[in-house]
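Each remark here refers to the structure printed beneath this line.
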Amino acid sequence: MNYISVAIDGPAGAGKSSVSKAAAQSLGFTYIDTGAMYRAAALFAIENGIDIRNDRETLINRLEEVKIVIRYTDKGQRVYLNGRDVSERIREEDVSIGASDVAVIQEVRDKLVALQRKMARSANVIMDGRDICTYVLPNAQVKIFLTASAESRAQRRYEQLKEKGEECDLQKIREDMEYRDKNDSERAVAPLKKADDAVLVDTTELNFEQSVEKIKELIKNVL
Ligand code: CDP
């Protein structure tokens with residue numbers, strides 16, 4: 001059977017995860033959050049005292065020890081690192097920055113991309129990330145580049161964290177986001193960029209429901 005793949009890329013805080021998740025739920029697709037995989041790899045490095053920026057070799061040599069499993073339960077997507085549920089921990093800010101740092105390493109990407117492609121071969125998926133349209137699923141039937149102004153992306157992330165009851169500072173979030181945007185767009189391997197054949201969706205002026213509707217409409221057009 002041929003499954004449908006929807007690929008969504010975009011910068012941090014554009015709403016990719018929440019919008020993709022809701023659209024997938026409503027259409028009966030499996031949502032695959034590739035960022036969670038980079039986050040889990042970063043957490044492995046952090047917990048093992050590996051200095052990601054200055055000691056890539058150690059992480060590359062220990063990559064075989066990194067076992068990432070994504071499961072779908074009634075609590076939604078759960079991410080396991082070597083058998084431990086790390087779904088909440090990987091959302092913290094040190095892991096966000098770490099994810100962007102491990103994501104520049106080719107060997108890390110190769111390992112995670114293989115897992116992502118395998119998942120897309122076994123279900124109808126909405127997969128989001130930075131290089132899904134351009135590299136992971138170049139033959140996806142629907143390709144979307146989801147973005148929003150830097151200001152509204154930082155504001156949304158701030159509200160998301162506050163809602164979870166986390167201490168946060170808008171200025172710091174904005175700086176971290178700028179760091180990641182730059183890192184992700186300028187890296188040599190699979191940088192964040194809009195694929196030529198991806199539809200640009202700017203959510204700066206759209207609320208959550210409108211963004212979900214827009215994505216569903218684009219998907220329904222090809223079903
Ligand atoms: O949710 P948010 O947009 O903040 O980030 P994420 O999607 O969880 O991704 C975290 C980091 O992983 C990004 O800043 C990228 O550096 C990296 N990433 C990537 O390089 N390629 C992907 N397909 C997904 C994430």
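We count ligands from 1, going down the list as the structure has it; atoms in each ligand are counted the same way. In this chain, numbering begins with 1 at the start of the sequence shown.
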Do any nitrogen or oxygen atoms of D33 come within less than 3.5 Å of a nitrogen or oxygen of ligand 1?
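It does not: no N or O of D33 is found under 3.5 Å from an N or O of ligand 1.
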Pairs of nitrogen or oxygen atoms closer than 3.5 Å, one from S96 and one from ligand 1: do any exist?
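No, since none of the N or O atoms of S96 sits under 3.5 Å from an N or O of ligand 1.
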Tell me the contacting part of R130 for ligand 1: side chain, backbone, both, or neither, using a 4.0 Å heavy-atom threshold, strictly below.
both
With a 6.0 Å cut-off (strictly less than), is the heavy-atom count around CD of E47, excluding the residue itself, greater than 12?
yes
heavy-atom search around atom 12 (O) of ligand 1 in the protein gives Y38 CB, 3.5 Å
Using heavy-atom distances, let me know which of K16, R157, R180 sits nearest atom 1 (O) of ligand 1.
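Looking at heavy atoms only, R157 sits closest to atom 1 (O) of ligand 1.
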Give the single entry among M177, R39, Q116, R109 that approaches atom 21 (N) of ligand 1 most closely by any heavy atom.
R109
Would you tell me whether [X] and [Y] have side-chain atoms, one donor and one acceptor, within less than 3.5 Å of each other?
{"X": "N124", "Y": "T30", "answer": "no"}
{"X": "Q155", "Y": "E159", "answer": "yes"}
{"X": "T58", "Y": "N61", "answer": "no"}
{"X": "K216", "Y": "S26", "answer": "yes"}
{"X": "R157", "Y": "Q160", "answer": "yes"}

Hey, is R187 one of the residues with a heavy atom under 4.0 angstrom from ligand 1?
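True for this residue.
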